Amino acid sequence: MPELPEVESYRRLAERTVGRRVGEVQLRDRRYLRGGTEPDELQQVLHGAQIAGARRIGKLLVLDLGDAGAGRRLGVRFGMTGRLQVDDQLGVDRLLHASDRLEPAWQRFAVRFTDGGLLAVHDPRLLGGVSLDPDEAALGPDAATVTPAALARALQGSTTALKARLLDQSRLAGVGNLLADEILWRASLAPARPAGSLSPAELRRLHRRLHQTLVELLERGGSHLGELVPHRTPGGRCPRDGGELRRATVGGRTTWWCPTHQR
DNA sequence: ATTGTGGCCTGCCCGC
DNA sequence: TGCGGGCAGGCCACAA
């Protein structure tokens, strides 16, 4: 599913649209609109606008608009099965838990550029969506660049499960379920630990592993390419010490961890 | 305010 | 072979 590494791939792909002008806007299903954006407004703002930039905050892709749409922004969320296409190129090859097929009906939103190119979002399950002027302030610091101090602030003073806090996009933006399991596994921290219970040494370890994991997976281009992920399955064993992994629901999400070395 | 839960949405996989 | 149920989880509305 698209987490920070996938969305960063999408952002890089979206950079190809910078400087191009929007012609036709296609919204196949108005359920794909989020944040109160109306089809008419979307059409009006996008038509004739130029793409001025492609940014990413956590899992949110933001296209800054220029010219006719100056000052406005287009936000794209990918949910867990969303894919970005620019011209004839796809952002990532494979998505875990998502079909690799590209049914025309799954193309939920697209803009045609006046040069004949295309930016399209394919999303079988409609869990993603597009909106005008998304609330960027509602997101915490981006997980790829968060400082140790900011990470500590995101966790401190809370008794909720550490993993739940890592998944809270308003505290830290970009970590999804697979990444959370991978990072906690690498940091040797139990997912159900109270978020505020980490010692300074554990906080440093978590920050280092978070950073390391993101650098590595950004390079590999997918959140499913971690070390733990292939073992998140019944009977799966810890690749570090061979112990049987445990499965439970933490923070409302399926969670796999190694009770032997994650404390 | 914070935290937890259920619903959305549908392709896919398993067991009968 | 077909079918039904369960599962996947990002995000949001809502409840406690």
Side-chain angles (χ1 to χ4, degrees), chain A residues 1-10 27-37 56-62 75-84 91-92 94-109 121-131 134-140 142-143 153-184 191-197 222-224 226 228-236 245 247-257:
Chain A
M1 69 281 331
E3 301 187 33
L4 192 153
E6 284 83 4
V7 180
E8 177 59 20
S9 299
Y10 294 165
L27 182 71
R28 291 252 166 73
D29 189 331
R30 66 165 295 152
R31 285 178 299 174
Y32 212 58
L33 288 178
R34 300 293 139 114
T37 300
R56 179 193 58 76
I57 308 170
K59 307 175 203 171
L60 175 69
L61 176 66
V62 181
V76 185
R77 293 191 171 283
F78 296 92
M80 82 182 262
T81 56
R83 293 162 178 272
L84 185 73
V92 295
R94 273 173 302 132
L95 280 184
L96 212 54
H97 304 307
S99 172
D100 286 332
R101 287 184 293 135
L102 272 185
E103 297 286 337
W106 296 346
Q107 182 179 300
R108 308 297 181 179
F109 167 80
V121 179
H122 301 260
D123 187 356
R125 288 181 55 188
L126 293 165
L127 289 170
V130 298
S131 63
D135 183 4
E136 299 179 28
L139 293 171
D142 187 78
R153 277 197 297 278
L155 302 177
Q156 73 190 6
S158 174
T159 55
T160 197
L162 173 58
K163 177 173 174 181
R165 199 72 163 189
L166 292 177
L167 291 173
D168 183 343
Q169 302 298 299
S170 72
R171 310 276 178 180
L172 181 70
V175 176
N177 197 44
L178 295 181
L179 271 178
D181 279 2
E182 179 79 25
I183 290 160
L184 291 172
R193 277 275 296 275
S197 72
S223 53
H224 61 290
L228 177 69
V229 170
H231 307 277
R232 292 172 87 261
T233 174
L245 295 177
R247 179 200 151 123
T249 299
V250 179
R253 297 282 165 255
T254 301
T255 300
W256 294 85
W257 80 100

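Keep in mind that what you see is a predicted model, and the values were worked out from it rather than measured. The chains referred to below are lettered A, B, ... by the order of the sequence lines, with proteins before strands, and numbering in each begins at 1.
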So does A/Arg108 get a side-chain nitrogen or oxygen closer than 4.0 Å to the phosphate oxygens (OP1/OP2) of B/dC9?
no
Is a donor on one side and an acceptor on the other found under 3.5 Å between the side chain of A/Arg108 and the backbone of A/Asp123?
yes
For A/Gln169, give me all partners under side-chain hydrogen bond (donor to acceptor under 3.5 Å, both in side chains), at least two apart in sequence or on another chain.
none
Rounding to an integer number of Å, can you tell me how far A/Met80 CE sits from B/dC12 P?
12 Å
Under 3.5 Å, side chain of A/Tyr10 to main-chain N/O of A/Gly82, donor-acceptor pair present?
yes
Under 4.0 Å: is that the gap between some side-chain N or O of A/Arg125 and OP1 or OP2 of C/dC7?
no
Partners of A/Phe109 by ring-ring contact (aromatic ring centres under 6.0 Å, His included), sequence neighbours excluded?
none
Listed partners of A/Arg30 passing salt bridge (Lys or Arg N to Asp or Glu O under 4.0 Å), at least two apart
A/Glu38
Could you tell me, to 10°, how much the axis swings from one end of the helix from B/dT2-C/dA16 to B/dC16-C/dG2 to the other, five pairs per end?
40°
Within the structure, does a side-chain N or O atom of A/Trp106 lie under 4.0 Å from either OP1 or OP2 of B/dG11?
yes
Verify the contact: side-chain N or O of A/Thr81 to OP1 or OP2 of C/dA8, cut-off strictly under 4.0 Å; return yes or no.
no
Please enumerate all residues that pass salt bridge (Lys or Arg N to Asp or Glu O under 4.0 Å) together with A/Arg253, with sequence neighbours excluded.
none
Comparing A/Asp29 with A/Thr160, nearest DNA chain B nucleotide closer to 5' gives the residue A/Thr160
OP1, OP2 of C/dA8 versus side-chain N and O of A/Thr254: anything below 4.0 Å?
yes
Please write out each protein N/O paired with an N/O of nucleotides 11-13 of chain C under 3.5 Å, distance rounded to 0.1 Å.
unit_1: C/dC11; atom_1: OP1; unit_2: A/Arg77; atom_2: NH1; d: 2.8
unit_1: C/dC11; atom_1: OP2; unit_2: A/Lys59; atom_2: NZ; d: 3.3
unit_1: C/dC11; atom_1: N4; unit_2: A/Arg253; atom_2: NH2; d: 2.5

